[in-house]
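Everything numeric here is computed off the predicted structure, so don't read it as measured data.
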Amino acid sequence: MSTAHLSRIFVRLKLALLRNGLRQSSTRTAAFVASLVVTLLLAAGQLLGLILLRGTDHAASLVVLLTAVLALGWAVMPLFFPSGDETLDPTRLVMLPLRPQPLVFALLAASLVGIGPLFTVCLVVGSAIALAHGAFAVLVAVVAVPLALLVCVALARTVAAGNIRLLTSRKGRDLALLSGLVIAVGIQVVNFGAQRLGESGGLSALDPAAGIVGWIPPASAIAAIGSASDGSYAVALEQLALSVVALFVLLWSWQRSLTKLMTAPDGSTLAAASEPTRKESSTGLHRLLPEGRTSTVMQRSLRYVWRDPKTKAAWVTALAIGLIVPVFNALQGTGSLYFACFAAGMLGIQMYNQFGQDTSAFWMVAQTISSTKDAYAELRARALALLLVTLPYTVLVTVLTAALLGNWRALPEVMGLSFALLGAMLATGAVSSARFPYSIPQDSAYKNVAPGQAGLAWISIFGGMISAAVLCAPVIVLTVWMHAANEESSLWVLLPAGAAYGLLIGWAGVRVAAPQTANRLPEILAAVSKG
């Protein structure tokens, strides 16, 4: 079978996978259409913005760095979203009588079908229009645009093929939890860079970095257009040649990985099978926890945080954002110590939908709840497990932010507000878990709510957060009044007052939620087991 014929078959297979996937449910179709519309709008805006840069000084620096960032996104996409595209897994083709070389070109052709390639085309075409001046530059752009696209796609496929054994394993799938962290860090880095860019006087600050990145494929292909426009024809050809060489190296590496996957056994599986089963060692945590049900529930909750990929991802994201927001704003010199309340707020969200986090295993927990007393002990232990991490984390973030800002005088009041907010979120989270539980599907890395339960999730989380803000009103009013009355010397009182209020309101919330949990066990069990 010729390579061209095989490529056409794979393109049709990719389209069939996409079409059949959309037929599975209206929700998936709506999500795809929504993502397509958003991507097209972003791509159109990006294309228009790049076209408007045409003729602007230092435009080449911006588009070169933008292409490099885009290529980095293609490189890390398989690591963070290994199940986002069914064709990323070449092990599905192992049993087919196909040779690696034609298979590489067929998969490359199929990879050009999708939303990601469409967005990439818009960006590189806009970059070419922004830089191309003169006939030779236009000729270079005609070659550079498809070359940059092919390098990006080949880079993603090479990374996926080289790491597919890891990415399809249980531990490998845990890499996806880093996506929330990278997104949180990335947003703050972009914000930080944009502010520094504005302070430095414009795009000229990008020239040194662009001069280096312009020799790294596929950014070198776009940089070649700018070089050709400036009359540096030899430099343009060298930069273009670098991207061509990079494409061939990536295809060769991809082919080697496919050959290994199609001919070698899964060594990780064989090694795992040969290892004797080891008895899990005790961490000794139970010795530090209260006796009885409290210790058991707290250990179970903490094990979920460490072992369950979705729970772990939620905690990592919350920990990252709770630290990044106040610290980055403090480093920029525009922050406030009150931003440290993000730490308590982000981790307080983890109290919501407590029973949904157990998924179908909640039926075992339900068997141990026969009275309001049992429900109270269950909810109290879950809240204590959360406090075991949240309390020291809140103190650490608040003290670190105060040190960066040099604002030690406001430390007691901010920490008191954080404790009050945490207690309020524990209270509303306990009630919300009992009144508005919803299922968290385990068959998809991207679905956090079962179909038909999105309304419950919105009410549970956002309704609970609004209620928590209302419950914090007494401490907020007290803080404002003390500032208005110039009681600066007495602001330290807000620390014990906020801690006591948070403890009281958290205890009251668990007390209120306990009878509701005991009386609504069948409804809760049905809700969290859905999907």
Side-chain angles (χ1 to χ4, degrees), residues 1-18 21 67-68 70-121 124 142-169 172 175 216-222 240-268:
M1 183 182 298
S2 66
T3 301
H5 183 55
L6 184 62
S7 298
R8 288 194 296 271
I9 292 176
F10 269 72
V11 170
R12 293 203 304 269
L13 285 174
K14 180 66 175 291
L15 292 173
L17 280 173
L18 180 61
T67 305
L70 181 68
L72 180 62
W74 276 96
V76 302
M77 180 187 67
L79 299 178
F80 290 152
F81 307 106
S83 58
D85 183 353
E86 292 86 349
T87 61
L88 274 174
D89 186 0
T91 58
R92 301 179 181 220
L93 309 172
V94 168
M95 301 303 295
L96 298 179
L98 300 173
R99 293 183 178 276
Q101 185 173 358
L103 182 60
V104 164
F105 290 102
L107 287 173
L108 183 63
S111 302
L112 298 176
V113 178
I115 297 178
L118 175 62
F119 181 82
T120 304
V121 167
V124 294
V142 171
V143 178
V145 167
L147 182 59
L149 173 63
L150 291 174
V151 170
C152 287
V153 175
L155 178 61
R157 294 293 169 161
T158 302
V159 171
N163 297 276
I164 196 63
R165 297 296 191 193
L166 171 65
L167 297 177
T168 54
S169 66
L175 285 173
I216 302 175
S220 62
I222 302 301
L240 206 60
L242 277 176
S243 291
V244 173
V245 171
L247 178 60
F248 278 103
V249 170
L250 288 172
L251 294 177
W252 174 78
S253 178
W254 186 8
Q255 181 179 333
R256 281 179 57 88
S257 297
L258 286 178
T259 302
K260 182 178 180 180
L261 287 170
M262 301 174 103
T263 58
D266 187 355
S268 61

Residues that Thr67 engages under side-chain hydrogen bond (donor to acceptor under 3.5 Å, both in side chains), provided they are two or more places apart: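 For Thr67 there are no side-chain hydrogen bond (donor to acceptor under 3.5 Å, both in side chains) partners, ignoring immediate neighbours.
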Would you please name every residue forming a side-chain hydrogen bond (donor to acceptor under 3.5 Å, both in side chains) with Arg8, sequence neighbours left out? His5
[X]: side chain to side chain contact (heavy atoms under 4.5 Å, CB included) partners, not counting sequence neighbours:
X      : result
Ala246 : Pro217
Leu150 : Leu108, Leu112, Leu247
Val245 : Val249
Val11  : Leu15, Ala109, Val113

Would you say the side chain of [Y] lies within less than 4.5 Å of the side chain of [X], judging by non-hydrogen atoms?
X      : Y      : answer
Ile9   : Leu13  : yes
Leu70  : Phe119 : yes
Ser111 : Phe10  : no

Distance-minimising heavy-atom pair for [X] and [Y]:
X      : Y      : answer
Leu240 : Leu147 : O-CD2, 3.8 Å
Val151 : Ser243 : CG2-O, 3.8 Å
Ala148 : Ile222 : CB-CD1, 4.4 Å
Leu6   : Ala106 : CG-CB, 3.8 Å

Reported [atom1]-to-[atom2] distance for the pair [X] and [Y], which is rounded to 0.5 angstrom:
X      : Y      : atom1 : atom2 : result
Gln255 : Phe105 : CD    : CZ    : 8.0 Å
Leu251 : Arg157 : CG    : CZ    : 12.5 Å
Ser253 : Phe248 : OG    : CZ    : 15.0 Å

Check: Leu250 main-chain N/O paired with Thr158 side-chain donor or acceptor under 3.5 Å: yes
